[in-house]
Amino acid sequence: MQTEIPHMQIKPEDLRKIQLKSLEMLLYFKEICDKNGLLFYFCGGCCIGALRNKGFIPWDDDVDVFMPRPDYEKLIQIWDSQADTSRYSLQITTRDKLTKNMFATICDNNTAFIKSYQADLDINHGLMLDILPLDGCPDKPRQRRAQLFWALVYSLYIIGKPPENHGGLVKAAGRLLLCLVPFKNMRYRLWKLAQSKMSKYPISECRYVTELCSGPRYMKLRYPAQWFASALYEQFEGYMLPLPAGYDEYLSIAFGDYMTPPPDGKRDTGHDLVFYDLENSYKKYKGVYYCVENKKE
């Protein structure tokens, strides 16, 4: 049984250090992508930050990028052979390793950034860069409904917990579906099937793309494919880094008036942290801040 561990707040003086560590990881990630001709671009907070702040949003603590599905899959294939895996590891959920993420992450092996939803897992808990794949989105309503169905199946069984913040009925349905398939191997087969079904529409043959690994709110959105066919470069922390060519239209659909900062009360990272340490590897804290079991008196 997992011990309940209090959440940790990031100290204001440490936030900038976290941003600079994340930037270091991003620049290395860009090297690998450039070397292999892989397309990626900022999404979410870093995309907004590049336009509004010429760098990180002041309260943001991570990097998120989009990659078209073919580039994303190639990255997964080549990372271990081309990257310095003593520094950075690529982590995904597999048959034998649950991460509770729907997407791949690049992890800094020499840091600790332990999130509460993963604290029960024996995985890489280093500072992470999130890589979200973009998929082709079919025009026909019936095919699109089927794609969304499979995306929901994928999200349920790859994460292994019912969705939060989408109403009691959705949560109850998710819990029931998980109870009906309690075995790890069966869940693995289901999410692999769902992944193949939801991503079977090649971007090159579609007028639209969609983000199916960003949660229920965003998977319902679709964007013209030309907005993501290439990258434009903007200043970010003193470097020229890529944004999707249609960044303004994308951000307006996904976030509304993205150039207006949110009120003070909503300026948080959205991450529930158990512990962080930028000087030591997460491995030092196994049994202390993650994979902690209650000891019987």
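Model, not experiment: these values are computed from the prediction.
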Classify the ring geometry of Y223 against F228: parallel below 30°, tilted from 30° to 60°, perpendicular beyond 60°. tilted
Check step by step if side chain to side chain contact (heavy atoms under 4.5 Å, CB included) holds for T210 and L221. CA-CA 6 Å; T210 184; L221 302 178; 5.7 Å; no
List the atom of [X], the atom of [Y], and the distance in Å for their closest heavy-atom pair.
X	Y	result
R217	A254	NH2-O, 3.1 Å
L243	A50	CD1-CB, 3.9 Å
C213	F103	O-CD2, 3.4 Å
S116	V274	CA-CG2, 3.6 Å
Y290	L121	CD1-O, 3.4 Å
Y282	N124	CE2-OD1, 3.3 Å

Please check this pair: side chain of N36 against backbone of I32, looking for a donor-acceptor N/O pair closer than 3.5 Å. yes
Ignoring hydrogens and angles, tell me if any N or O in the side chain of Q235 forms a donor-acceptor pair with the backbone of L51 under 3.5 Å. no
With F29, which residues qualify under ring pair (Phe, Tyr, Trp, His ring centres under 6.0 Å), at least two apart? F40
Here the side-chain hydrogen bond (donor to acceptor under 3.5 Å, both in side chains) pairs for residues 42-58, sequence neighbours left out, are none
Are K286 and D122 close enough for a salt bridge, meaning some N to O gap below 4.0 Å? yes
Could you give the side-chain donor-acceptor pairs of residues 183-192 under 3.5 Å, partners two or more places apart or in another chain?
residue, atom, partner, partner atom, Å
R187, NE, V181, O, 2.6
R187, NH2, L178, O, 3.0
R187, NH2, V181, O, 3.4

Drop me the distance from [X]'s [atom1] to [Y]'s [atom2], to the nearest 0.5 angstrom.
X	Y	atom1	atom2	value
L241	L27	CG	CG	6.0 Å
S252	M259	OG	CE	10.5 Å
L127	C107	CG	SG	9.0 Å

Worked check of ring-ring contact (aromatic ring centres under 6.0 Å, His included) between F236 and F42: CA-CA 10 Å; F236 186 92; F42 282 143; 4.7 Å; yes
side-chain contact (heavy atoms from CB on, under 4.5 Å) with Y72: of L134, I131, L39, L132, only one passes, and it is I131
Using the side chain to side chain donor-acceptor pair (under 3.5 Å) criterion, which residues pair with [X]? Sequence neighbours excluded.
X	result
Q19	R16
Y250	none
Y117	N101
D34	K30

Under a 4.5 Å cut-off applied to non-hydrogen side-chain atoms, are [X] and [Y] in contact?
X	Y	result
V65	D130	no
F113	L273	yes
E24	R87	yes

I'd like to know whether Y28 forms a side chain to side chain contact (heavy atoms under 4.5 Å, CB included) with D84, so could you lay out the CA-CA distance, the side-chain angles of the two residues, the decisive distance to 0.1 Å, and finally the verdict. CA-CA 9 Å; Y28 184 79; D84 181 355; 3.4 Å; yes
Is it the case that N109 and Y88 place a side-chain donor and acceptor less than 3.5 Å from each other? no
Partner set under salt bridge (charged side-chain N to carboxylate O under 4.0 Å, His left out) for [X], not counting sequence neighbours:
X	value
K220	none
R69	E73, D135
D14	K17

When the side chains of residues 194-208 are checked against the rest of the protein, which donor-acceptor pairs come out under 3.5 Å, sequence neighbours left out?
residue, atom, partner, partner atom, Å
S196, OG, L193, O, 2.7
S199, OG, Q195, O, 2.6
R207, NE, D139, OD2, 3.0

Going only through I, L, V, M, F, W and Y residues with side-chain contacts under 4.5 Å, is there a path from F66 to I48? yes
Shared hydrophobic cluster for I76 and M128 (ILVMFWY, side-chain gaps under 4.5 Å): no
Got a sec, which hydrophobics cluster with Y233, joining ILVMFWY side chains under 4.5 Å apart, including via others? M240
Determine whether D120 and K100 satisfy the following criterion, salt bridge (charged side-chain N to carboxylate O under 4.0 Å, His left out), listing intermediate values before the conclusion. CA-CA 10 Å; D120 60 325; K100 297 184 182 177; 3.0 Å; yes
Checking side chain to side chain contact (heavy atoms under 4.5 Å, CB included) for the pair M67/L75: CA distance, chi angles, key distance, verdict? CA-CA 9 Å; M67 294 188 84; L75 178 79; 3.8 Å; yes
With a sphere of 6.0 Å drawn around CD of Q9, does it hold more than 12 non-hydrogen atoms of other residues, nucleotides or ligands? no
Kindly indicate, with the supporting measurements, whether the criterion side chain to side chain contact (heavy atoms under 4.5 Å, CB included) is fulfilled by H125 and I123. CA-CA 6 Å; H125 288 280; I123 61 171; 3.6 Å; yes
